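Here's the structure, in structure tokens; my notes come after.
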Amino acid sequence: MVRRSAYEAVGLFDGRFGFLADVDMWLRLAERFDVAYVSEPLIAFGARDQEPRQWHYGWLREQRIVERIFWEARRRHFRGRPCRLALEVARHALYVVAARGYKGLVAARGRLRARRHPEKEGSCGL
């Protein structure tokens, strides 16, 4: 739950980020206001495969959206501190390489398993 004044201060959801726009909005809220974590679920969603298809962009597009959200958050947060921003640029680049590399390895592993066991096609062992 968020006060209306907080939404008005940081702006609403950014349409560029689609279904992941709430991540960006919460990062903007956390930069300006105190936030807390509630450990009990307040809403529930069904499984991803039961949700409308437009919510799933494919892992690479989703990864790029998340990268953009965190890149913009780092730039906002470290504006005016060039040395720290340079460090964060390097840190962000390392994150991007590691995350994409991991996803690539998982995908390659799934393709390899599918070739070895064609009867289990469609499962990637995740």
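We number each residue from 1, following the sequence as shown. Because the structure is predicted, anything quoted here is derived from the model rather than measured.
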Out of curiosity, does [Y] fall in the hydrophobic cluster containing [X] (side-chain heavy atoms, cut-off under 4.5 Å, transitive links)?
{"X": "Val66", "Y": "Phe17", "answer": "yes"}
{"X": "Tyr95", "Y": "Ile65", "answer": "yes"}
{"X": "Phe33", "Y": "Tyr7", "answer": "yes"}

If you compare all heavy atoms of [X] against all heavy atoms of [Y], which two are closest, and at what distance to 0.1 Å?
{"X": "Asp14", "Y": "Ala21", "result": "O-CB, 3.5 Å"}
{"X": "Ile69", "Y": "Leu20", "result": "CD1-O, 3.5 Å"}
{"X": "Gln63", "Y": "Ala99", "result": "NE2-CB, 3.3 Å"}
{"X": "Phe70", "Y": "Leu27", "result": "CE2-CD1, 4.0 Å"}
{"X": "Gly11", "Y": "Met25", "result": "O-CG, 4.3 Å"}
{"X": "His92", "Y": "Glu67", "result": "CE1-O, 3.1 Å"}

Point to revise | Short N-O contact, Glu62 and Lys103, less than 4.0 angstrom | key: no

Review point. Which distance, rounded to the nearest 0.5 Å, do you find between the CG of Leu87 and the CZ of Phe78?
Key: 8.0 Å

Practice item. Measure the spacing between CG of Asp24 and CG of Leu29 and express it to the nearest 0.5 Å. Key: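 The CG atom of Asp24 sits 9.5 Å away from the CG atom of Leu29.
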
Exercise for review: Would you indicate whether Arg76, at its atom CZ, is surrounded by more than 12 heavy atoms from other residues, nucleotides or ligands within a distance under 6.0 Å?
Suggested key: yes

Point to revise | Test log, rule side-chain contact (heavy atoms from CB on, under 4.5 Å), inputs Val89 and Trp71 | key: CA-CA 8 Å; Val89 166; Trp71 170 247; 3.4 Å; yes

Check your understanding: Where do Arg84 and Arg74 land on the side-chain contact (heavy atoms from CB on, under 4.5 Å) test, with the steps shown first?
Key -> CA-CA 10 Å; Arg84 184 62 194 263; Arg74 283 184 165 111; over 6 Å; no

Practice item. Check step by step if side-chain contact (heavy atoms from CB on, under 4.5 Å) holds for Glu88 and His77. Key: CA-CA 10 Å; Glu88 290 300 319; His77 190 72; over 6 Å; no

Review point. Does any N or O in the side chain of Arg28 come within less than 3.5 Å of the main-chain N or O of Leu12, such that one atom is a donor and the other an acceptor?
Key: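 Between the backbone of Leu12 and the side chain of Arg28 there is a qualifying donor-acceptor contact (under 3.5 Å).
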
